[in-house]
Amino acid sequence: NTSMTRAMLVTVLHRLEGTPAATGNTFSDVASGKWYTNAVVWANVKGIVKGYDSNSFGTNDFITREQLATILYRYAQYKGYDVSVGEDTNILSYEDAFNISEYAIPAVQWACGAGIMQGDAAKLDPQGNATRAQVAAMLMRFIEDVVK
């Protein structure tokens with residue numbers, strides 16, 4: 001139930017891709033030679049992560065549920081998977097739907113529509129930190145339902 005960091009998540013995705021090399025670090029808070037450096041640089045170069053701004057990634061920040069959905073959404077796009085299921089997904093039935101950041105709305109719609117993100121029947125908790133267990137469950141659903 002420990003919260004997962006942003007660096008941990010991109011490292012998982014980077015390893016799924018076979019740890020390809022990447023160059024072009026633009027984030028001042030991503031130090032060279034760390035366990036996460038290549039993963040963050042790769043994810044940024046591929047458009048999977050954008051950081052908080054052009055200079056900061058938030059390496060050790062806990063990842064929120066909406067950030068997790070957004071990164072998985074962008075990863076699915078990068079892989080060429082169909083993300084159209086979210087276009088018609090109604091997330092307004094969740095009590096906290098209006099707490100979703102504007103940038104994350106398409107990703108959360110997709111994650112809900114694809115069955116990857118599930119709330120507790122009434123709430124999605126988009127601003128809440130994603131635990132390692134939640135990330136594992138969402139990754140499992142992603143692999144089973146999107147990757148096929």
Side-chain angles (χ1 to χ4, degrees), residues 1-17 19-20 22 24-30 36-148:
N1 286 321
T2 302
S3 294
M4 190 165 217
T5 67
R6 292 168 53 83
M8 288 176 188
L9 179 64
V10 295
T11 299
V12 168
L13 297 178
H14 186 239
R15 289 179 181 163
L16 281 173
E17 290 298 304
T19 62
N25 182 17
T26 61
F27 298 123
S28 61
D29 61 346
V30 176
Y36 54 78
T37 304
N38 286 334
V40 174
V41 172
W42 166 82
N44 182 243
V45 167
K46 298 301 181 185
I48 298 166
V49 298
K50 297 181 180 181
Y52 296 127
D53 55 43
S54 61
N55 293 320
S56 61
F57 175 70
T59 309
N60 294 314
D61 293 353
F62 294 130
I63 193 160
T64 65
R65 291 171 50 80
E66 72 180 12
Q67 290 171 357
L68 170 59
T70 300
I71 291 172
L72 286 178
Y73 178 73
R74 290 180 186 151
Y75 180 68
Q77 290 175 317
Y78 161 75
K79 295 294 286 180
Y81 300 139
D82 182 11
V83 294
S84 64
V85 68
E87 293 171 1
D88 296 324
T89 302
N90 181 1
I91 55 174
L92 295 177
S93 61
Y94 292 101
E95 293 175 9
D96 55 359
F98 291 102
N99 294 342
I100 301 168
S101 299
E102 187 175 340
Y103 79 88
I105 291 172
V108 172
Q109 285 178 301
W110 165 78
C112 288
I116 296 167
M117 185 177 216
Q118 300 172 354
D120 68 358
K123 294 183 179 182
L124 288 171
D125 192 22
Q127 303 294 322
N129 292 339
T131 66
R132 291 168 61 123
Q134 290 170 334
V135 172
M138 287 178 68
L139 283 171
M140 181 190 73
R141 291 183 204 121
F142 177 81
I143 291 167
E144 289 178 349
D145 300 333
V146 176
V147 175
K148 296 180 185 175

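Not one N or O on the side chain of N55 forms a donor-acceptor pair closer than 3.5 Å with the backbone of S28. Between the side chain of N25 and the backbone N or O of V41, no donor-acceptor pair lies under 3.5 Å.
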Between C112 and L124, does the side-chain contact (heavy atoms from CB on, under 4.5 Å) criterion hold? Intermediate values first, please.
CA-CA 9 Å; C112 288; L124 288 171; 3.8 Å; yes

How far apart are the C-alpha atoms of Y103 and E66, what are their side-chain angles, what is the distance that settles it, and do they pass the side-chain contact (heavy atoms from CB on, under 4.5 Å) test?
CA-CA 9 Å; Y103 79 88; E66 72 180 12; 3.6 Å; yes

Assess the residue pair V49 and L9 against the criterion (side-chain contact (heavy atoms from CB on, under 4.5 Å)); give the C-alpha distance rounded to whole Å, side-chain angles, the decisive distance to 0.1 Å, and a yes or no.
CA-CA 11 Å; V49 298; L9 179 64; over 6 Å; no

Verify side-chain contact (heavy atoms from CB on, under 4.5 Å) between Y73 and V83, making sure each step is shown before the conclusion.
CA-CA 7 Å; Y73 178 73; V83 294; 3.7 Å; yes

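Note that CD1 of I48 and CD of E17 are 7.0 Å apart. Values are rounded to the nearest 0.5 Å. Atom OG1 of residue T26 and atom CG of residue N44 lie 4.5 Å apart, to the nearest 0.5 angstrom. To the nearest 0.5 angstrom, Q109 atom CD is 4.5 Å from I91 atom CD1. A distance of 8.5 Å separates CZ of F98 from CD1 of I105, quoted to the nearest 0.5 Å. Atom CE of residue M4 and atom CG of residue D61 lie 14.5 Å apart, to the nearest 0.5 angstrom. With values rounded to the nearest 0.5 angstrom, M8 atom CE is found 8.0 Å from T2 atom OG1.
The aromatic rings of F57 and F27 are tilted relative to each other, their planes meeting at an angle between 30° and 60°. The aromatic rings of W110 and F142 lie perpendicular to each other, with more than 60° between the two planes, well past the 30° mark.
Here the side chains of Q67 and S101 are not in contact, with every heavy-atom distance at 4.5 Å or above. Annotation: side chain of Y94 is not in contact with side chain of I100 (no heavy-atom distance under 4.5 Å). Residues E87 and P106 have side chains not in contact (no heavy-atom distance under 4.5 Å, counting atoms from C-beta outward). Using a 4.5 Å cut-off on side-chain heavy atoms (C-beta onward), V40 and Y36 make contact.
When all heavy atoms are compared, the tightest approach of V12 to L139 is CG1-CD1, 3.8 Å. In terms of heavy-atom proximity, Y52 sits nearest to G58 at CE1-CA, 3.5 Å.
Considering only residues two or more places apart in sequence or on other chains, K50 meets the side-chain hydrogen bond (donor to acceptor under 3.5 Å, both in side chains) condition with none of them.
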